[in-house]
K.L.:
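First, the structure itself, so that you have it in front of you.
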Amino acid sequence: MMLDVRNLSVVFTDRWEPFTAVDQFSLQMDRGEIVGIVGESGSGKSMTAHALMGLVPRSRAAVTGEALFEGTDLLPLPREELRQYQGRDLSIIFQEPMTSLNPTMRIGKQVEEALRIHEKAMSAGERKAKALDAMALAGLPGPGELYRQYPHQLSGGMRQRVMIAAALVLRPRLLIADEPTTALDVTIQAQILDTLKAINRREGTAILFISHDLGVVKALCGRVVVMKRGRIVESGPAEELFYHPREDYTKLLIASRPSRKKLRGGGLDG
């Protein structure tokens with residue numbers, strides 16, 4: 001087993017009253033598996049991802065439980081030790097690339113950032129070669145030309161592929177995708193999903209895919225976890241969960257999915 005999360009909880013303590021964002025979350029993932037986490041806004045799915053990546057500010061929240069990555073519990077690790085895993089073994093793609101990409105830095109240098117952190121002995125030429133390879137893997141056309149461009153020169157779909165390339169440049173074993181297709185139109189969204197599937201097949205990368213869109217999750221994931229108010233309400237194989245949901249909340253989410261007619265008429269409404 002690659003990832004074994006046991007009773008993960010995130011409680012924010014910087015308020016008048018403690019607020020539980022994630023409550024006793026547990027999940028097991030094998031190598032090469034694609035698992036989806038779904039739920040409406042505020043359900044705790046993104047906070048779960050941030051806790052696994054060590055991105056929850058420790059001064060604001062108490063993160064408890066266990067997150068065993070190949071036997072090592074990530075949660076209590078000091079920041080310096082945790083950085084050895086971030087980017088190299090676990091990596092994350094965020095929802096909106098324009099808030100994550102530096103508008104003043106060329107695309108190639110941003111894709112190389114994890115290499116500069118983790119591979120300090122690597123030459124500039126080696127870093128560039130790996131960055132171009134990652135860009136090609138993420139489905140970016142003409143990586144050599146795009147390497148010198150800036151984020152504002154790219155379309156939304158291409159910027160998202162840059163984020164994927166940056167997350168893949170060190171070939172992590174687990175890729176966390178936090179709402180990576182939400183801001184994209186339905187055609188580009190489908191292309192990004194195809195790219196993630198191809199990466200999973202070619203590299204054997206496990207993917208934890210987070211979304212409020214059940215249609216997207218159904219198209220990508222083999223297993224699905226449904227969250228509500230920080231807790232898991234249902235989980236199981238995707239086909240079983242979509243066609244034979246047990247919980248009323250899951251049935252409500254499925255019933256609220258946009259119809260195919262709506263999708264053709266104007267994209268996803270979230």
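As a basis for the values below, the full set of heavy atoms in this structure was taken, side chains included, without hydrogen atoms, waters or symmetry mates.
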K.L.:
With side chains defined as the heavy atoms from C-beta onward, is the minimum distance between Val5 and Ser26 less than 4.5 Å?
P.N.:
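No, too far: nothing below the 4.5 Å cut-off.
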
K.L.:
Is the shortest heavy-atom distance from the side chain of Met2 to the side chain of Leu174 under 4.5 Å?
P.N.:
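Counting from C-beta outward, Met2 and Leu174 do come under 4.5 Å.
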
K.L.:
For Glu40 and Ser43, run side chain to side chain donor-acceptor pair (under 3.5 Å): C-alpha distance rounded to whole Å, both residues' side-chain angles, the deciding distance at 0.1 Å, then the answer.
P.N.:
CA-CA 6 Å; Glu40 60 192 337; Ser43 62; over 6 Å; no

K.L.:
Evaluate side chain to side chain contact (heavy atoms under 4.5 Å, CB included) for Ile164 paired with Ile192, printing each intermediate quantity in order.
P.N.:
CA-CA 9 Å; Ile164 294 173; Ile192 296 295; 4.0 Å; yes

K.L.:
Distance from Thr181 atom OG1 to Gln189 atom CD, nearest 0.5 Å?
P.N.:
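That separation rounds to 4.0 Å.
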
K.L.:
Any luck finding a side-chain donor-acceptor pair between Thr104 and Asn102 under 3.5 Å?
P.N.:
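Judged by distance alone, the side chains do pair up.
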
K.L.:
Are Met163 and Ser100 side-chain neighbours, meaning at least one heavy-atom pair lies under 4.5 Å?
P.N.:
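Yes, at least one pair of side-chain atoms sits under 4.5 Å.
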
K.L.:
Which of these passes side chain to side chain contact (heavy atoms under 4.5 Å, CB included) with Val38: Ile210, Asp213, Leu214?
P.N.:
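Exactly one candidate clears the test, Leu214.
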
K.L.:
For the atom pair CZ (Arg159) and CG (Leu146), what is the distance rounded to the nearest 0.5 Å?
P.N.:
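If we round to the nearest 0.5 Å, Arg159:CZ and Leu146:CG are 12.5 Å apart.
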
K.L.:
Drop me the distance from Thr195's OG1 to Gln191's CD, to the nearest 0.5 angstrom.
P.N.:
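With rounding to 0.5 Å, OG1 (Thr195) is 7.5 Å from CD (Gln191).
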
K.L.:
Would you check, one step at a time, whether the test side chain to side chain contact (heavy atoms under 4.5 Å, CB included) holds for Leu196 with Ile34?
P.N.:
CA-CA 10 Å; Leu196 292 175; Ile34 304 180; over 6 Å; no

K.L.:
Any luck finding a side-chain donor-acceptor pair between Tyr150 and Gln110 under 3.5 Å?
P.N.:
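On atom types as modelled, these side chains do not qualify, holding no pair under 3.5 Å.
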
K.L.:
One pair to check against side chain to side chain contact (heavy atoms under 4.5 Å, CB included): Leu3 and Gln28. What are the steps and the verdict?
P.N.:
CA-CA 6 Å; Leu3 180 68; Gln28 292 74 44; over 6 Å; no

K.L.:
In Å and rounded to the nearest 0.5 Å, what is the OG1 to NE2 distance from Thr48 to His50?
P.N.:
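It is 10.0 Å, given to the nearest 0.5 Å.
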
K.L.:
Grab the two heavy atoms, one from Ile254 and one from Pro245, that are nearest each other, plus how far apart they are.
P.N.:
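In terms of heavy atoms, the two residues are closest at CD1-CG, 3.9 Å.
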
K.L.:
For a salt bridge (Lys or Arg N to Asp or Glu O under 4.0 Å) with Asp133, tell me which candidate from Arg127, Lys128, Arg171 qualifies.
P.N.:
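So, applying the salt bridge (Lys or Arg N to Asp or Glu O under 4.0 Å) to Asp133 and each of Arg127, Lys128, Arg171, only Arg171 qualifies.
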
K.L.:
State whether Arg116 and Glu113 are salt-bridged, where the test is any N-O pair (Lys NZ or Arg NE/NH1/NH2 against Asp/Glu carboxylate O) under 4.0 Å.
P.N.:
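Salt bridge: no.
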
K.L.:
Without placing hydrogens or testing angles, list every side-chain donor-acceptor pair under 3.5 Å for residues 53-65, not counting sequence neighbours.
P.N.:
| residue | atom | partner | partner atom | Å |
| --- | --- | --- | --- | --- |
| Arg58 | NH1 | Leu77 | O | 3.3 |
| Arg58 | NH2 | Leu77 | O | 2.8 |
| Arg60 | NE | Asp14 | OD2 | 2.7 |

K.L.:
Looking only at side chains, do Ser46 and Asp178 share a donor and an acceptor under 3.5 Å apart?
P.N.:
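Yes, side-chain donor-acceptor contact under 3.5 Å.
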
K.L.:
Taking atom CD of Glu179 and atom OG of Ser211, what is their separation to the nearest 0.5 Å?
P.N.:
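Taking CD in Glu179 and OG in Ser211, the distance rounds to 4.5 Å.
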
K.L.:
Between Glu70 and Arg173, is there a salt bridge with N-O shorter than 4.0 Å?
P.N.:
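Looking at Glu70 together with Arg173, the answer is yes, because their closest N to O distance falls below 4.0 Å.
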
K.L.:
Out of curiosity, does Met122 fall in the hydrophobic cluster containing Ile117 (side-chain heavy atoms, cut-off under 4.5 Å, transitive links)?
P.N.:
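They do not share one cluster, since no chain of ILVMFWY contacts under 4.5 Å joins Ile117 to Met122.
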
K.L.:
Output yes when a side-chain donor or acceptor of Glu81 lies under 3.5 Å from a complementary backbone atom of Pro78, and no otherwise.
P.N.:
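No: the side chain of Glu81 does not pair with the backbone of Pro78.
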
K.L.:
Nearest heavy-atom pair of Thr205 and Pro172: which atoms, and what distance?
P.N.:
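Residues Thr205 and Pro172, closest heavy atoms: CG2-O, 3.6 Å.
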
K.L.:
Distance-only, no hydrogens or angles: does the Asn200 side chain make a donor-acceptor pair with backbone N or O of Gly32 under 3.5 Å?
P.N.:
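Checked: pair present.
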
K.L.:
Quick check: does any side chain N or O of Ser9 sit under 3.5 Å from a backbone N or O of Gln24, one acting as donor and the other as acceptor?
P.N.:
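Yes; at least one donor-acceptor contact below 3.5 Å.
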
K.L.:
Any heavy-atom pair between the side chains of Ile107 and Pro151 that's under 4.5 Å?
P.N.:
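Yes. Closest side-chain heavy atoms under 4.5 Å.
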
K.L.:
Can you list, pair by pair, the side-chain donor-acceptor contacts under 3.5 Å of residues 226-236, counting residues two or more places apart and other chains?
P.N.:
| residue | atom | partner | partner atom | Å |
| --- | --- | --- | --- | --- |
| Arg231 | NH1 | Asp23 | OD1 | 3.4 |
| Arg231 | NH1 | Asp23 | OD2 | 2.8 |
| Glu234 | OE1 | Arg246 | N | 3.4 |
| Glu234 | OE1 | Glu247 | N | 3.0 |
| Glu234 | OE1 | Thr250 | OG1 | 2.8 |
| Glu234 | OE2 | Arg246 | N | 2.8 |

K.L.:
Locate the shortest heavy-atom distance separating Ala238 from Cys221; write the atom from each residue and the value.
P.N.:
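Looking at all heavy atoms of both residues, the closest pair is CB-O, 3.3 Å.
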
K.L.:
So, applying side chain to side chain contact (heavy atoms under 4.5 Å, CB included) with Phe209, which one of Ile93, Leu175, Leu193, Val224 is it?
P.N.:
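The single option meeting the side chain to side chain contact (heavy atoms under 4.5 Å, CB included) with Phe209 is Leu193.
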
K.L.:
Check for me, please, whether Phe25 and Phe19 land in the same ILVMFWY cluster - side-chain distances under 4.5 Å, paths through other members count.
P.N.:
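Same hydrophobic cluster.
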
K.L.:
Indicate yes or no: at least one non-hydrogen side-chain atom of Phe94 is less than 4.5 angstrom from one of Gln160.
P.N.:
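Answer no - side chains too far apart.
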
K.L.:
If you define the side chain from C-beta out and look only at heavy atoms, does anything of Tyr147 sit under 4.5 Å from Glu112?
P.N.:
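When only atoms from C-beta onward are counted, Glu112 and Tyr147 do touch, with a gap below 4.5 Å.
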
K.L.:
Under 3.5 Å, side chain of Glu240 to main-chain N/O of Pro237, donor-acceptor pair present?
P.N.:
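Checked: no pair found.
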
K.L.:
Do Leu68 and Val225 sit in one hydrophobic cluster, given that two such residues count as connected whenever their side-chain heavy atoms are within less than 4.5 Å of each other, even indirectly?
P.N.:
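Cluster IDs for Leu68 and Val225 differ.
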
K.L.:
Can you measure from CG (Leu132) to NZ (Lys130) and round to the nearest 0.5 angstrom?
P.N.:
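One finds 12.0 Å between CG of Leu132 and NZ of Lys130.
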
K.L.:
Following the transitive rule for hydrophobic clusters with a side-chain heavy-atom cut-off under 4.5 Å over Ile, Leu, Val, Met, Phe, Trp and Tyr, establish whether Val11 and Leu75 coincide in one cluster.
P.N.:
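Hydrophobic grouping puts Val11 apart from Leu75.
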
K.L.:
State, to 0.1 Å, how close Met105 and Lys109 come at their nearest heavy-atom pair, and which atoms those are.
P.N.:
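Heavy atoms only, the tightest pair is CG-CB, 3.8 Å.
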
K.L.:
Could you check if a side-chain atom of Ser41 sits within less than 4.5 angstrom of a side-chain atom of His212, using non-hydrogen atoms only?
P.N.:
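No, too far: nothing below the 4.5 Å cut-off.
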
K.L.:
Are Leu8 and Leu52 side-chain neighbours, meaning at least one heavy-atom pair lies under 4.5 Å?
P.N.:
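Counting from C-beta outward, Leu8 and Leu52 do come under 4.5 Å.
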
K.L.:
Closest approach of Ala134 and Val111, non-hydrogen atoms and distance?
P.N.:
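That would be CB-CG1, 4.5 Å.
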
K.L.:
Does the side chain to side chain contact (heavy atoms under 4.5 Å, CB included) test come out yes or no for Arg223 and Leu27, once each step is laid out?
P.N.:
CA-CA 11 Å; Arg223 229 171 5 111; Leu27 173 70; 3.9 Å; yes

